[in-house]
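Each remark here refers to the structure printed beneath this line.
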Amino acid sequence: MKEIKPSVSVQDVICAEITAPPTAMVVFGASGDLTRRKLLASIFKLYTNDLIDDKFYLLGCGRKKISDQQFRDIAKQALKEKNAEVPAEKLKAFTDKLHYASGDYTDPQFYANLKDKIAELNKSHGIDGNILFYLAVPPFLYPVIVQQLGDSGLSCLDESQDQSKIRLVIEKPFGRDSKSAAELNKIVHKCFDESQVYRIDHYLGKETVQNILMFRFANAIFEPIWKRDYIDHVQITIAESLGIGHRSGYYDKSGALRDMFQNHMLSMLSLVAMEPPTSFNADHIRDEKVKVLRSIRKFNLEPWSESIVRGQYIEGHIDGEKVQGYHSEEGVDTDSTTETYVAAKLFIDNWRWKDVPFYLRTGKRLSHKDTEIAITFKKVPHSMFLSADLEEMPPNILVLQIQPDEGITLSFQAKRPGSKICMSTLRMNFNYSDIFGTETPEAYQRLLLDCMVGDQTLFTRQDDVEISWKLLTPILQAWEKDKTMPFEYRAGAESFSAADNLIEADGRTWRKLATD
Ligand code: BG6
């Protein structure tokens, strides 16, 4: 396939960014991995880019007994590991804004102390009510902490204060099935109004995922053909070459359907399939996303392999390195039936998408890291080039490459110079780094800034979470009852036969991973 070089000029750039007001951030799970690897680095970046106010502090909470100074030292170390060229002055100024409180999350006294500490820090840092409570803890602690925030009065400080300035940020997974998600929502809503709740799906913070909205709704040429009359099918892929790392405690109880599909995969699907929202307003966008989720046809559970397939990796090789199978990962039972791969075929029963298949797949320990959305258009209805045996012309494919090598590619047929009838498939390719440079902001930067500003557009609403769990819970229950093992696939493979059959039964094939 030949490539057409990009000829995009950066003109008429329209940028709007709101900076955060004076804010207090209280992070539960401050000594954990998420805080160290993602949160601190993203907040520091916002700070060095002058996107957060100088009146800011972060109060880390954890069970570990450490002092403010020890917490600052840990943060400094983590920030240096991420970016060796951190300016020393900036680093000091930033880490001076970090504080720490240790305690037992189940103990009401801890929250009473926290309340006093927050009042004292608000005073010394000049902050008037804008506060984020961030749950970077294991999910079993969500109800405990939320309940305590409510009981202690921290979720609604005092009546003179603006309630909407107090926000709760919750990491995924939000529940593990429809019942637990609804119960968690109930507990959260006892203490916080939905307008105060920010459920994070970090995929929505990725630049290229947000670009789906710009691409679709800031251009007039795609929308008229974005429907069943012109689109043959859609493939959404999140392939990872990484395994489960040290997260077996969490992952073995979750699996790919809960870990990736209920949130990231369905979020991308709803952005691709939704109707044009009236405005770039949180609820207008979230209303349209929810309408898509509501229209997804229920899975036909029998026979399994026609609509959803699960797999689990066995020992193999990735990039020439031997990697162990899922059952040999530290902390995983040797008879675990947890899936590390899911492929599914979905239909959206509405006017736009009726009978257009959406094929979704995600897996760990595959040959490449590759996240993309590929829209395959219908083939030409008639070939006038029959005399040259050109009856089977490849369809146009539009690929939104989410990561790595972020970009957009459109393939089409064109005349090759030379003989009278000679055709090739060409690609029009826009690559983010070629045009905008390599520094794409980390998803958490976007999301944290939006929490501070009070913009819920990129956060998952209660109904979204509950509807997506309702769709997937029957599958989870059936898998639980089913005593058979997931299909095996070799680490380093692209796919396996049961997943291939799911799409090939319809006369289509999966796209190759990381096709450039
Ligand atoms: C997380 C999952 O939400 O997303 C992980 O819990 C997964 O299992 C990760 O590896 C993938 O995120 P990214 O941004 O690397 O594609």
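This one's a predicted model, so the numbers in the text were calculated from it and none came from an experiment. Order of appearance sets the numbers: ligands from 1, and atoms from 1 within every ligand. Counting from 1, the numbers follow the sequence of the chain as shown.
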Task: Atom indices of ligand 1, in the order listed, that fall short of 4.0 Å to a heavy atom of Lys369 - done: 13 (P), 15 (O), 16 (O)
Task: Element-labelled atoms of ligand 1 that are located less than 4.0 Å from some non-hydrogen atom of Lys172 - done: 1 (C), 2 (C), 3 (O), 6 (O)
Open item on the list: Using a plain distance cutoff, I'd like to know if Asp259 has any nitrogen or oxygen under 3.5 Å from a nitrogen or oxygen of ligand 1.
Closed with: yes
- [ ] Locate the shortest heavy-atom distance separating Gly249 from Lys253; write the atom from each residue and the value.
- [x] O-NZ, 3.3 Å
Task: Heavy-atom side-chain proximity of Arg490 to Arg365 below 4.5 angstrom - done: no
Task: Residue, atom name and distance, where the atom is the protein heavy atom closest to atom 7 (C) of ligand 1 - done: Glu240 OE2, 3.4 Å
Open item on the list: Using a 4.0 Å cutoff against the non-hydrogen atoms of His202, which atoms of ligand 1 qualify?
Closed with: 1 (C), 3 (O), 4 (O), 12 (O), 13 (P), 14 (O)
- [ ] Without swapping roles, check the side chain of Thr473 against the backbone of Ser178 for a donor-acceptor pair under 3.5 Å.
- [x] yes
Open item on the list: Treating Trp226 as the side-chain partner and Glu275 as the backbone partner, does any N or O pair qualify as donor plus acceptor under 3.5 Å?
Closed with: no
TODO: Identify the two heavy atoms, one from His327 and one from Gln312, that lie closest to each other, and give their separation to 0.1 Å.
DONE: NE2-OE1, 3.1 Å
Open item on the list: Counting the benzene-type ring for Trp, do Phe358 and His233 have ring centres under 6.0 Å apart?
Closed with: no
- [ ] Measure the distance from atom 14 (O) of ligand 1 to every protein heavy atom, then report the residue, atom name and distance (to 0.1 Å) of the closest one.
- [x] Lys206 NZ, 2.6 Å
Open item on the list: Using a 4.0 Å cut-off to any heavy atom of Lys364, which atoms of ligand 1 qualify?
Closed with: 5 (C), 7 (C), 8 (O), 10 (O)
TODO: Output yes when the distance from some N or O of ligand 1 to some N or O of Tyr251 is under 3.5 Å, and no in every other case.
DONE: no
Task: Interfacing atoms of ligand 1 (cut-off 4.0 Å, heavy-atom, Met260) - done: 2 (C), 4 (O), 7 (C)
- [ ] Indicate, as side chain, backbone, both or neither, the part of Tyr203 found under 4.0 angstrom from ligand 1 when only non-hydrogen atoms are considered.
- [x] side chain
TODO: Measure the acute angle between the ring planes of Phe430 and Tyr432, then classify it against the limits of 30° and 60° as parallel, tilted or perpendicular.
DONE: tilted
